[in-house]
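For reference, the structure discussed in these notes is given below.
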Amino acid sequence: MCRASWTWQHIEYVIGFNLDRRAFELLDCTATVPGAIGAFRRSALVALGGVSTDTLAEDTDLTMALCRAGWRVVYEEKALAWAEAPTTLGQLWKQRYRWCYGTLQAMWKHRRSMLEGASFGRRCLGYLTLFQVVLPLLAPVVDLMAFYSTVVGDPLPVVAVWAGFVAAQAVTGWYALRPDGERASALWVLPLQQFVYRQLMYLVVIQSVATAILGVRLRWHTINR
């Protein structure tokens, strides 16, 4: 499971950097410059008063503040970084829990950007709200409906939709691996991802939203080394 967990993260990062962030740059709606592989102009940070500690996602908070201040965020495909990644599902849960909760904090902090007239607020916060909050919250309902249809009704339509979804992910993953010259053999875990990794990610969102609604303060979670 540790190897599969690492491979899932690897595919997620590759697709995120080689496809998602390129699209975010074109649409001018980059939400996060990762702290582990981001570079910022000193003058921009000084103008903002430094890095804020208002949220647990300082890099997201900072990126949103920079965009609201009129700075442009670009993707640099040649950037390299060496960083530690979670090696167990427990560590992965803690990391994503903090990320998701921190992102919700940053979204709430910069919520007025949707009314400021700039396209960044509408595109960025609209994307985050739909794809990282609303859809994950609805995912359990989709899974339950699919399971019910498989058990009670004809399982063929459900299997066909699932196979089509995995095939689309495989094509996307293959295309994302090409710029880095990586082998497509890493995509072997995609079918398993639909039964473990995806559920883990939307459960993290559910827990983060519940934590935010209840007003519970989340502490910083570190990776065991």
Side-chain angles (χ1 to χ4, degrees), residues 9 11-85 95-137 172 175-176 178-180 201 204-205 208-209 211-213 215 217-222:
Q9 295 176 74
I11 294 174
E12 181 184 26
Y13 289 149
V14 169
I15 293 177
F17 281 103
N18 287 342
L19 296 182
D20 294 351
R21 295 189 184 277
R22 296 177 192 271
F24 293 154
E25 179 185 349
L26 291 175
L27 296 173
D28 191 25
C29 64
T30 301
T32 306
V33 174
I37 192 171
F40 302 89
R41 291 185 181 273
R42 180 182 176 85
S43 57
L45 297 182
V46 172
L48 292 176
V51 180
S52 172
T53 58
D54 292 340
T55 74
L56 292 181
E58 296 96 334
D59 46 7
T60 300
D61 185 6
L62 178 60
T63 304
M64 290 183 178
L66 288 170
C67 291
R68 293 182 68 185
W71 292 91
R72 181 167 177 261
V73 178
V74 298
Y75 171 68
E76 175 51 67
E77 63 179 12
K78 296 181 181 179
L80 296 176
W82 281 261
E84 292 182 288
Q95 182 199 62
R96 297 310 171 89
Y97 183 23
R98 176 177 61 81
W99 284 5
C100 185
Y101 182 82
T103 299
L104 291 174
Q105 289 179 309
M107 291 170 63
W108 180 255
K109 177 180 178 179
H110 297 281
R111 63 191 182 279
R112 295 186 182 276
S113 64
M114 299 189 71
L115 305 175
E116 292 174 347
S119 60
F120 166 77
R122 294 191 298 272
R123 293 175 182 174
C124 177
L125 295 188
Y127 170 85
L128 292 176
T129 301
L130 178 60
F131 290 99
Q132 296 196 24
V133 179
V134 176
L135 291 183
L137 290 178
T172 303
Y175 186 79
R178 289 183 61 193
D180 292 340
M201 292 300 102
V204 165
V205 174
S208 300
V209 172
T211 302
I213 292 176
R217 296 292 298 179
L218 182 66
R219 64 182 179 85
W220 185 276
H221 291 152
T222 58

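- With Arg123 contributing its side chain and Leu27 its backbone, the two residues share a donor-acceptor pair below 3.5 Å.
- In this structure Thr103 satisfies the side chain to side chain donor-acceptor pair (under 3.5 Å) test with no other residue, sequence neighbours excluded.
- Scanning for ring pair (Phe, Tyr, Trp, His ring centres under 6.0 Å) contacts around Phe17 gives an empty result, with sequence neighbours left out.
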Using side-chain contact (heavy atoms from CB on, under 4.5 Å), reason through Leu56 and Gln105 one step at a time and then give a plain yes or no. CA-CA 8 Å; Leu56 292 181; Gln105 289 179 309; 3.8 Å; yes
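- Crowding of Tyr175 atom OH: a count of heavy atoms from other residues, nucleotides or ligands under 6.0 Å not exceeding 12.
- Here the CG-CG distance, from Leu104 to Leu128, works out to 9.0 Å after rounding to the nearest 0.5 Å.
- Listed for the Thr63 side chain is a donor-acceptor partner under 3.5 Å among the backbone atoms of Val33.
- Summarising the geometry, atom OG belonging to Ser113 is positioned 7.5 Å from atom CE belonging to Met64; distances are rounded to the nearest 0.5 Å.
- Between Val73 and Glu25, the shortest heavy-atom distance links the atoms O-CG, 4.0 Å.
- Take Asn18 and apply the side-chain contact (heavy atoms from CB on, under 4.5 Å) test, not counting sequence neighbours, and it matches Val14, Arg22, Tyr75, Ala176, Pro179, Asp180.
- Summarising the geometry of Gly35 relative to Asp59, their closest heavy-atom pair is N-OD2, 3.2 Å, with the distance given to 0.1 Å.
- In terms of the salt bridge (charged side-chain N to carboxylate O under 4.0 Å, His left out) criterion, residue partners of Asp54 (sequence neighbours excluded) are, by chain and number, Lys109.
- For the side-chain contact (heavy atoms from CB on, under 4.5 Å) test, residues two or more places apart in sequence or in another chain that qualify with Ser43 are Arg41, Trp71.
- When all heavy atoms are compared, the tightest approach of Gly16 to Asp20 is O-CB, 3.2 Å.
- By the 6.0 Å contact criterion, CZ on Arg111 is enclosed, its count of non-hydrogen atoms from other residues, nucleotides or ligands being greater than 12.
- Applying the ring pair (Phe, Tyr, Trp, His ring centres under 6.0 Å) test to residues at least two apart or on different chains, the pairs with a partner in residues 24-68 are Phe24-Tyr127.
- Annotation: salt bridge (charged side-chain N to carboxylate O under 4.0 Å, His left out) contacts of Arg21 (sequence neighbours excluded): none.
- By the side chain to side chain donor-acceptor pair (under 3.5 Å) test, Thr30 pairs with no residue at all, sequence neighbours left out.
- Counting only residues at least two apart or in different chains, ring pair (Phe, Tyr, Trp, His ring centres under 6.0 Å) contacts with residues 105-124 are absent.
- Taking CD1 of Ile11 as the reference point, atom OG1 of Thr172 lies at 11.5 Å (rounded to 0.5 Å).
- With sequence neighbours left out, Arg68 forms a salt bridge (charged side-chain N to carboxylate O under 4.0 Å, His left out) with Glu116.
- Thr129 pairs by the side chain to side chain donor-acceptor pair (under 3.5 Å) definition with nothing, not counting sequence neighbours.
- One finds the CZ atom of Arg122 at 9.5 Å from the CG atom of Leu115 (value rounded to the nearest 0.5 Å).
- Summarising the geometry, atom CH2 belonging to Trp99 is positioned 9.5 Å from atom CE belonging to Met201; distances are rounded to the nearest 0.5 Å.
- Of all heavy-atom pairs between Leu48 and Ala69, the closest is CD2-CB, 4.1 Å.
- Applying the salt bridge (charged side-chain N to carboxylate O under 4.0 Å, His left out) criterion to Glu76, with sequence neighbours excluded, gives no partner residue.
- In this structure, CD in Gln95 is found 6.5 Å from CD in Gln9, a value given to the nearest 0.5 Å.
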